[in-house]
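Data first, discussion second: the structure below is written as structure tokens.
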Number of protein chains: 2
Amino acid sequence: MQALLLTGEAHNRLHEVCQRVDLTPAAVKALLVLSGGPRPMRDLVSTFRCDPSYMTSIVDVLERRGVALREPHPTDRRAKTVTVTDEGQEVVRRVQEIMSVPPSSFGVLTDAEQRILLELLTRLTDAEPGIPAVMRPRPSAASPTG
Amino acid sequence: MQALLLTGEAHNRLHEVCQRVDLTPAAVKALLVLSGGPRPMRDLVSTFRCDPSYMTSIVDVLERRGVALREPHPTDRRAKTVTVTDEGQEVVRRVQEIMSVPPSSFGVLTDAEQRILLELLTRLTDAEPGIPAVMRPRPSAASPTG
DNA sequence: TATTGTTATACTCTATAACTATA
DNA sequence: TATAGTTATAGAGTATAACAATA
């Protein structure tokens, strides 16, 4: 199961990931959402419920880092779509690999208990509107660290 | 059960709490830890793994707001202990009351499932070092909002 | 010499206001 | 007139460096 509880070990792990891939936490989250397919900035703004100016600065980071690209929107000339580059997809894979290893504390639960926890959390997050699909819990083959 | 998953609704709730009690999120967290009894600044610094200068500014907020007090440490004259005032204890009660109502998404789980989730999360957080007692999950009489 | 805490400062994160271009 | 996005700027949040007092 994914490192869902951003507390203790998993919280530190997110910062570790950001250093490893040389991106800020906000940029990593935006990149994960974008890995599902190109989107106009305004979609990102509504997904993250942030100010448009802040999203501009986040996408600036993604472009400077070479992991995403602004492109003209096909039908609306005011808008720009943001697309993940090949290097960006590689970064996404690295992030998901690191974050999919559960914190070592998961070792105190049996496999059956981990499956139950996963199911309950999945239903819980499904019932919360506005959580992007890539950030919802889902199964993983990995075993706990530590 | 407490609003443990700081995602979606519960995340917004924390910000709502901060506005209601006129404190920053960091100050609320420090106040919760201090409600367990007076502590020297250095303890808070190690609990929150932050810089001492930042803890100085957080305790400044608590003192200006009248919810905590710096007092001389009984044996170490370099140190200061931080104590919650009566008004501070009242604020703690209000914070705990608001945060103990589970997000409405918990309504998708049966009571039995909520108890299982609580047990699993309790064991998980018990296995994570460095999480202050007041921030661990625990039972609550309240029903989900919404 | 090491530790507790503060001050001054700087850097990161995020929002507001004013603006351009397009719908 | 309203919407998509940018720029410039300001405000929170958090850290680093230098320091005073005490251990």
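Convention: sequence-line order gives letters A, B, ...; per-chain numbering from 1.
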Using whole Å, what does the distance between atom [atom2] of nucleotide [N] and atom [atom1] of [X] come to?
X	N	atom1	atom2	value
A:Phe48	C:dA15	CZ	C1'	17 Å
B:Leu44	C:dT6	CG	P	11 Å
B:Gln19	D:dA12	CD	C1'	13 Å
A:Met55	D:dT3	CE	P	19 Å
B:Arg39	C:dG5	CZ	C1'	18 Å
B:His73	C:dT6	NE2	P	14 Å
A:Met41	D:dT7	CE	P	10 Å
B:Asp76	D:dA21	CG	P	16 Å

Exercise. Donor-acceptor pair, B:Glu113 side chain versus A:Leu120 backbone, under 3.5 Å?
Worked result: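 Judged by distance alone, no pair lies under 3.5 Å.
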Exercise. Under 3.5 Å, side chain of A:Glu128 to main-chain N/O of B:Ser105, donor-acceptor pair present?
Worked result: no
Exercise. More 5' along DNA chain C: B:Ser53 or A:Thr75, using each one's nearest nucleotide?
Worked result: B:Ser53
Given [options], the nucleotide with the shortest approach to the side chain of [X]:
X	options	value
B:Cys50	D:dA15, C:dA15, C:dT22	D:dA15
A:Thr56	D:dG5, C:dT4, C:dT16	D:dG5
B:Arg78	C:dT22, D:dT6, C:dT3	C:dT3
A:Ala79	D:dG13, D:dA4, C:dT6	D:dA4
A:Asp51	C:dT16, D:dT6, C:dG5	C:dT16

Exercise. Under a 4.5 Å cut-off applied to non-hydrogen side-chain atoms, are A:Arg70 and A:Thr56 in contact?
Worked result: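 Answer yes - side chains close enough.
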Seminar exercise, completed: Comparing nearest nucleotides in DNA chain D, the 5'-proximal residue of the pair A:Arg70, B:Thr24 is A:Arg70
Exercise. Hey, are B:Glu90 and B:Arg93 close enough for a salt bridge, meaning a charged N less than 4.0 Å from a carboxylate O?
Worked result: yes
Problem set entry | Contact list for residues 18-46 of chain A, test ring-ring contact (aromatic ring centres under 6.0 Å, His included), sequence neighbours left out | none
Exercise. Side-chain donor or acceptor of A:Arg77 under 3.5 Å from a matching atom on the base of C:dT22?
Worked result: no
